[in-house]
Amino acid sequence: MTWRGEPFSPTGDPEVDQVLETLAVQTAQFEEVGRRLSATLGRGEAEDGRVVVEVRTGGSLASLRIDPRALTLGPEALSAAILRAAKEAETNVANRAEAVMRPLLGEDKPRAPTDD
């Protein structure tokens, strides 16, 4: 029972209420980070932008664009260009994912610039 002027306590124990409130805030933060991570893409390019790869945070391919001019490279060179662009995209998405996660890890301070 609460007395007039006292705040409502869902559990009747202010300490437990504070823990539950903290957990609710943290859960909301985790959900937001999860949403942002699922929308995060990394991008990589090769052959002066004629090969462009985008990957998701889990590493799966999101898109691959090959400019018709890149087809003149030949199969081996084109394959190598795709792999270079994919590696760059993986590095890029890892850096972006780290930036999204940083507030959860208590690392709000900016780090050295990365190739985003």
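For the single chain, residues carry numbers from 1 onward in sequence order.
- Through side-chain heavy atoms spaced under 4.5 Å, either directly or across other Ile, Leu, Val, Met, Phe, Trp or Tyr residues, Leu64 is tied to Val51, Val53, Val55, Leu61, Ile66, Leu71, Leu73, Leu78, Ile82, Val93.
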Run the numbers on Glu21 and Asp17 for side chain to side chain contact (heavy atoms under 4.5 Å, CB included), then give the verdict. CA-CA 6 Å; Glu21 184 178 328; Asp17 292 341; over 6 Å; no

Quick one: do Glu98 and Arg96 satisfy salt bridge (Lys or Arg N to Asp or Glu O under 4.0 Å)? Show the steps, please. CA-CA 5 Å; Glu98 180 183 340; Arg96 290 172 181 258; over 6 Å; no

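- Residue pairs meeting the salt bridge (Lys or Arg N to Asp or Glu O under 4.0 Å) criterion with at least one member in residues 78-93, sequence neighbours excluded: Glu47-Arg84.
- Note that the CG atom of Asn92 and the CD atom of Glu45 stand 10.0 Å from one another [nearest 0.5 Å].
- Screening residues 49-62 for salt bridge (Lys or Arg N to Asp or Glu O under 4.0 Å) gives Asp48-Arg50 as the qualifying pairs, with residues at least two apart or on separate chains.
- Considering every non-hydrogen atom in both Ala89 and Gly44, the closest pair reads CB-N, 3.5 Å.
- The minimum heavy-atom distance between Thr57 and Ala97, with the atom names listed, is CG2-CB, 4.1 Å.
- Residues Val19 and Glu15 fail the side-chain proximity criterion, which asks for heavy atoms closer than 4.5 Å.
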Before you tell me yes or no, could you show the steps for Glu31 and Gln29 under side chain to side chain contact (heavy atoms under 4.5 Å, CB included), namely the whole-Å CA-CA distance, both residues' side-chain angles and the distance that decides it to 0.1 Å? CA-CA 5 Å; Glu31 289 172 352; Gln29 289 173 332; over 6 Å; no

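- Summarising the geometry, atom CE belonging to Met101 is positioned 7.5 Å from atom CZ belonging to Phe30; distances are rounded to the nearest 0.5 Å.
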